[in-house]
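Here the structure is laid out as structure tokens; the discussion comes afterwards.
Everything quoted here is computed from the prediction, not taken from an experiment. Start at 1 and go down the list; that is how both ligands and their atoms are numbered.
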Amino acid sequence: MKKIGVITSGGDAPGMNAAVRGVVRAALAREVQVVGFLHGYRGIISEEIVDLQSPSVGGIISQGGTMLRTARSPEFREKAGREQAVQVLRENEVDGLVVIGGDGSLTGARALHEEFDYPVMGVPGSIDNDIAGTDFSIGFDTAVNTALEAIDKIRDTAYSHERVFVVEVMGRANGFIALEVALSGGAEAVLIPEIPFSLLEICDNLRKARSRGKRSSVIVVAEGAARARDVKDFVQKNTGFEARESVLGHMQRGGSPTSFDRVLALRLGAIAANRLISGFRGEMVGVDGGKLVHHPLSYVLSTERNIDPDKLLLVEVMAQ
Ligand code: ADP
């Protein structure tokens, strides 16, 4: 391979820049040129191409977001759009593509591989951490730490005013972020979309906690499980305790990546470039127990990543 391309696509995640840096510098070390396309698949179709030299990725390791920008591309979901994309890649003599993104972006990458035999390598970038085949996807650790910082602050005010706080964190389809911050933030309860919950039971536990002398509580809610406002209203009505809600929202996507995410992203970016250049294709790279691994995209995209029920149980036990 003489030249490879890289995109960031779908939902942005802190650490995507470090992954781009990993791709670019690892490829250049093997004397392979790198180009980036702006705005994910959309920018391939519209030929928004930029040359990436070593200085192009200098100073970005600490920055959240993505210098290559990201977007969603409805055109690319259609075969005609993908045909156009492959044509642009081939016309620009781009011999392979590293796709950094979530499961939607990886599904797009698999289509390029399966429909056009075009060499692709996927890198899991998603704050949701819902991608199979890797213990962590890029951005999850930073998003969890951002949410945790907010929850720690909220707990201070919850304690002072002796209130129940319901904190809504990101996670439309899954509760990975919610569960992690519920544990690390010492929450009294967590609501996630995967597991049915009983608000009556939670209210009962809050009352029991109050009778043990606990004057304030934090309930973490994944956005896909319930709306914080509804939970707050229910708790207030049912227990008579003063309650407030806080929706953390998009702040969880931004910010400087943690050391963990930077190292993860650099390693994944570099191994993705190296494997692509070495002739592997149609894979996603990931980590398993700290070691770098790779899996066919077909496996990754047909496998579900489930929450650890022991962690859920631990939240309950720790709240006693
Ligand atoms: P994420 O990568 O964060 O999951 P999306 O699901 O929005 O984000 O996907 C990002 C982009 O990937 C979409 O805008 C689309 O261009 C492409 N994509 C998603 N799903 C498919 C699909 N089934 N086939 C082809 N391309 C897809």
I'd like the name of whichever of Ser105, Ser73, Gly104 reaches closest to atom 13 (C) of ligand 1 through any heavy atom. Ser73
Quick check: does any side chain N or O of Thr70 sit under 3.5 Å from a backbone N or O of Gly10, one acting as donor and the other as acceptor? yes
Counting from 1 in the order shown, the ligand 1 atoms closer than 4.0 Å to a non-hydrogen atom of Tyr41 are 12 (O), 16 (O), 17 (C)
Ligand 1 to Gly101 polar contact by distance, N or O atoms, under 3.5 Å: no
Sub-4.0 Å heavy-atom contact, Glu75 with ligand 1: no
Distance under 6.0 Å and angle within 45° of ring axis: Arg275 vs Phe280: yes
Any donor-acceptor pair under 3.5 Å linking the side-chain atoms of Glu316 with those of Gln320? no
Distance from atom 25 (C) of ligand 1 to nearest protein heavy atom, with residue and atom: Arg82 NH1, 3.6 Å
If you have a sec, work out which protein heavy atom is nearest atom 3 (O) of ligand 1 and how many Å separate them, to one decimal? Gly11 N, 2.9 Å
Does Lys79 qualify as a cation-pi partner of Phe116, given the criterion of NZ or CZ under 6.0 Å from the six-membered ring centre and within 45 degrees of its axis? yes
Over 60° means perpendicular and under 30° means parallel, so tell me whether Phe176 and Phe140 are parallel, tilted or perpendicular. perpendicular
Of all the atoms in ligand 1, which lie at a distance below 4.0 Å from a heavy atom belonging to Gly102? 1 (P), 2 (O), 3 (O), 4 (O)
Search all heavy atoms of Arg72 against all heavy atoms of Arg42 and return the closest pair with its distance. O-CD, 4.5 Å
When distances are taken from atom 8 (O) of ligand 1, the protein heavy atom at minimum range is Gly10 CA, 3.4 Å
Polar-atom distance check: Arg72 versus ligand 1, any N or O pair below 3.5 Å? yes
Indicate whether the side chain of Thr258 and that of Asp141 have a donor and an acceptor atom separated by less than 3.5 Å. yes
Ligand 1 contacted by Ser9 (non-hydrogen, < 4.0 Å): yes
Heavy-atom proximity to atom 22 (C) of ligand 1, picking from Ile100, Ile127, Thr107, points to Thr107
Would you be so kind as to tabulate the donor-acceptor pairs closer than 3.5 Å made by side chains of residues 119-129, with sequence neighbours excluded?
residue: Ser126; atom: OG; partner: Asp128; partner atom: N; Å: 3.1
residue: Asn129; atom: OD1; partner: Ser137; partner atom: N; Å: 2.7
residue: Asn129; atom: OD1; partner: Ser137; partner atom: OG; Å: 3.2
residue: Asn129; atom: ND2; partner: Asp135; partner atom: O; Å: 3.3

